[in-house]
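Written out below as structure tokens is the structure these notes cover.
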Amino acid sequence: MKITRRDFVKTGAIAGSGLLLNQISPSNIFPRSELSNSPIVVSTWSPNLKSNARAMEVLLQGKNSLDAVEEGIKVTEADPNDSSVGYGGLPDADGKVTLDASIMDWKGNAGSVAFIEDIMHPISVARLVMEKTKHVMLAGDGAKKFALQNGFKEENLLSENAKNAWLKWKESQVKKDNHDTIGMLAIDKMNNLSGGVSTSGLAFKLHGRVGDSPIIGAALFADNEIGGAVSTGNGEYVMRTVGSFLVVEKMREGLSPQKACEFAINRLYKSLKDFSDINISYLAISKSGDVGAYSLKGGFTYCFTTPNENKAITSDYLMK
Ligand code: GLY
């Protein structure tokens, strides 16, 4: 049986990680002073505890936050049971799995890919765009060509489960609500912040649709002096309000990550006329390691990981 992120609540040890894993109720402030220079990873959605565990493993090997974010997100991208990221992601209306991803490092460098097909790890292609080209974003066939030229393999990302879900949707045309992008932020031992986002986007979207995930400032923004933010949910609304940039700018003005996420959701709420079928959530971390999260509606969970613990937390939300 396929487990969706919203169904997923788990308590137990992460296989192989040795990290403690619990589900706890809204509590969003984790003072970095208690952690003193220890690395931190946060990511959207509780199933990504395994991805956070991998990112922390990378950080504890002494690697930087960019390596951690890439390696952590790759875990989710390769997971066939995740129906909204990478392999196993639900396809668009034409039955094609099209992927968006973005990455930012602590120097303000950014890279992204949009509408890329047949490549398992768009987060790694986004990193390569950032590191090997003068550009920030590559899209579609050009992004795929660039990936293949740089040694990535062409792979069929449409799993049997995703194909069956698409065939069923074609018969019924019933809307499918899946917006479970992974957004990850990490601070390494050198106190440098990086972030990344990866998704297959809205299930059964129009062929060609690109969401917020590859748009720097929408689904992802990281500023090494201030902190970073990521979003998950219906990207159209995040793009219109440049959400993650807004969260980081409110933190620059002095708001805590929690209050900055609340500000961005409140701003969005005021602009919305129809609340059906949508949810938007933000997750943010300050340079001092304080974490905040807030959602338009309930159900958003996120992962918080230090060398000593790896736990899923239920976010607070506006529309109670
Ligand atoms: N936030 C993911 C998307 O809308 O594609």
Quiz item: What do the steps show when you test D212 against S231 for side-chain hydrogen bond (donor to acceptor under 3.5 Å, both in side chains), and what is the final call?
Solution: CA-CA 8 Å; D212 57 328; S231 73; 2.8 Å; yes
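- With sequence neighbours excluded, the residues that form a side-chain contact (heavy atoms from CB on, under 4.5 Å) with D67 are V58, K63, N64, R127.
- The pair D92-R209 fails the salt-bridge criterion, with no side-chain N (NZ, NE, NH1 or NH2) lying under 4.0 Å from an Asp/Glu carboxylate O.
- Counting only residues at least two apart or in different chains, ring-ring contact (aromatic ring centres under 6.0 Å, His included) contacts with residues 102-143 comprise F115-H207.
- Residues passing the side-chain contact (heavy atoms from CB on, under 4.5 Å) test with S51 are N48, V75, T76, I182, M184, sequence neighbours excluded.
- A donor-acceptor contact closer than 3.5 angstrom is absent between the side chains of S112 and S102.
- Ion pairing between a basic and an acidic side chain is recognised when a charged N comes within 4.0 Å of a carboxylate O; K205 and E236 show no such pairing.
- We find the CD1-OG1 distance between I187 and T306 to be 12.5 Å, quoted to the nearest 0.5 Å.
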Practice problem: Decide yes or no on side-chain contact (heavy atoms from CB on, under 4.5 Å) for I278 and L272, but give the supporting numbers first. | Solution: CA-CA 10 Å; I278 65 160; L272 292 174; 3.6 Å; yes
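- Side-chain contact of E77 with S198: a donor-acceptor pair under 3.5 Å is present, judged by distance alone.
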Exercise. Would you sort out whether S159 and N161 count as a side-chain hydrogen bond (donor to acceptor under 3.5 Å, both in side chains), showing the intermediate values?
Key: CA-CA 5 Å; S159 67; N161 279 346; 5.5 Å; no
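- Of the possible donor and acceptor atoms, one in the side chain of W166 sits under 3.5 Å from a partner among the backbone N and O of A93.
- Between the side chain of N109 and the backbone N or O of D105, no donor-acceptor pair lies under 3.5 Å.
- More than 12 heavy atoms of other shown residues, nucleotides or ligands fall within 6.0 angstrom of atom CD in Q61.
- Judged purely by atom type and a 3.5 angstrom limit, Q258 uses its side chain to pair as donor or acceptor with the backbone of A293.
- Electrostatic pairing of K259 and E262 counts as a salt bridge here, judged by a charged N lying under 4.0 Å from a carboxylate O.
- Geometrically, K297 does not engage F300 in a cation-pi contact defined by less than 6.0 Å to the ring centre and at most 45° from the axis.
- Residues satisfying the side-chain contact (heavy atoms from CB on, under 4.5 Å) test with A143, not counting sequence neighbours, are V113, I116, L138.
- Note that CG of D82 is 7.5 Å distant from OG of S200, once rounded to the nearest 0.5 Å.
- Side-chain atoms of T44 come within 3.5 Å of backbone N or O of G183 as a donor-acceptor pair.
- Judged as a ring-ring contact (aromatic ring centres under 6.0 Å, His included), the pairs with a partner in residues 263-288 (not counting sequence neighbours) are, in order, Y269-F275.
- Put simply, NZ on K144 and CD on E117 are 6.5 Å apart, with the number rounded to the nearest 0.5 Å.
- Formation of a donor-acceptor pair under 3.5 Å by the N150 side chain with backbone atoms of F146 is found in this model.
- Salt-bridge annotation for D79 and K50: present, with a side-chain N of the basic residue lying under 4.0 Å from a carboxylate O of the acidic one.
- Nearest approach of A68 to A186, heavy atoms of both residues: CB-CB, 4.5 Å.
- A side-chain N or O of S194 and one of S65 form a donor-acceptor pair less than 3.5 Å apart.
- The side chain to side chain donor-acceptor pair (under 3.5 Å) pairs that include a residue from residues 240-253 are D223-R252, E249-R252, K250-E253, where partners are two or more places apart or lie in different chains.
- Counted by atom type alone, T305 and N310 present one or more donor-acceptor pairs between their side chains at under 3.5 Å.
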